[in-house]
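Below is one structure, written out as C-alpha cells, with a few remarks after it.
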Amino acid sequence: MAQFRPTSPHLSAYRFTLTMTLSIVHRILGVGLYLGTVLFALWLGAAALGQDQLGAVQGFFGHPIIQIGLFLYTWTLFHHMAGGIKHFIWDTGVGFDAASREAITLATLIFSIAATVLVWAVFVWF
C-alpha cells in the first residue's frame, strides 16, 4: 500500500521576485567578501612592510581588471550592510507585506549602488 508523502513546492510554483533574487545574490556575494578581504589584508600588510612593498601592491591594484574587482567589492560591502539593516527592520516585525518587502529590497539595492559610486567618486576618481 502506497503512503502519501507530502512534497515541498518546487521553484516553478513561485513567482520570482526582486527579494528572492537579491537573497540569492547576497549569499553569492558573501563568498566575494572573503576574496576581497584577502586583497584588503594584502594591502594592509604591504603598507606595514614599507614603501617598496606598498608600491608593488598599489601597482597591482592599479590594473583595470583589479579595479573592477575592487569596485564590486565595495558594492558588496554596502550591499551586505544594507541587507543587514533590512533584516534588522524585518526583525522588528515590520515590512512583511509584499509591497513593503519589494520596496525595502529595492531601497537596499539603490542605496548600495549610490553609496559605492559616491565612495569611489570621492576617494578614487577625484
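Listed by chain and residue number, H26 satisfy the ring-ring contact (aromatic ring centres under 6.0 Å, His included) test with H80 (two or more places apart in sequence, or in another chain). In terms of the side chain to side chain donor-acceptor pair (under 3.5 Å) criterion, residue partners of S100 (sequence neighbours excluded) are, by chain and number, D97.
Side chain of Q67 to backbone of F61: a donor-acceptor contact under 3.5 angstrom is found. With hydrogens and angles ignored, the 3.5 Å screen pairs no side-chain donor or acceptor of S23 with any backbone N or O of T19.
Inspection of the R101 and T105 side chains reveals no N or O donor paired with an N or O acceptor under 3.5 Å.
When the side chains of ILVMFWY residues are joined at heavy-atom separations under 4.5 Å, either directly or via intervening members, L35 and L72 end up in two distinct hydrophobic clusters. Cluster membership check: L118 shares its hydrophobic cluster with I85, using side-chain heavy-atom separations under 4.5 Å among Ile, Leu, Val, Met, Phe, Trp and Tyr. Taken together through direct or relayed side-chain contacts under 4.5 Å among Ile, Leu, Val, Met, Phe, Trp and Tyr, L70 and V38 form parts of separate hydrophobic clusters. Following chains of ILVMFWY side-chain contacts shorter than 4.5 Å, one can reach L42 starting from F71, so the two form part of one hydrophobic cluster. One hydrophobic cluster, built from ILVMFWY side chains closer than 4.5 Å, holds both V119 and M81.
Classification of the H87-W90 ring pair by plane angle, with boundaries at 30° and 60°, yields perpendicular. The aromatic rings of F78 and F111 sit perpendicular, their planes meeting at an angle over 60°, well past the 30° parallel limit.
Closest approach of A46 to V57, counting heavy atoms only: CB-CG2, 3.4 Å.
Taking the side chain as every heavy atom from C-beta outward, L22 and H79 approach each other to under 4.5 Å. You'll find the side chain of L77 reaches within 4.5 Å of the side chain of L33, heavy atoms only. Looking at W43 and L39, their side chains never come closer than 4.5 Å, going by heavy atoms from C-beta outward. Side-chain contact check for Y73 versus I68: every heavy-atom pair is 4.5 Å or farther apart.
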Run the numbers on I24 and F16 for side-chain contact (heavy atoms from CB on, under 4.5 Å), then give the verdict. CA-CA 11 Å; I24 294 166; F16 218 62; 3.8 Å; yes
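Annotation: the span from L54 atom CG to L44 atom CG amounts to 10.0 Å, rounded to 0.5 Å. Interatomic distance, NZ of K86 versus OG1 of T108, reported as 4.5 Å (0.5 Å rounding).
The environment of OH in Y34 is sparse: at most 12 heavy-atom neighbours from other residues, nucleotides or ligands sit within 6.0 Å.
The side chain to side chain contact (heavy atoms under 4.5 Å, CB included) test with T74 singles out one residue from T116, V117, V124, and that residue is T116.
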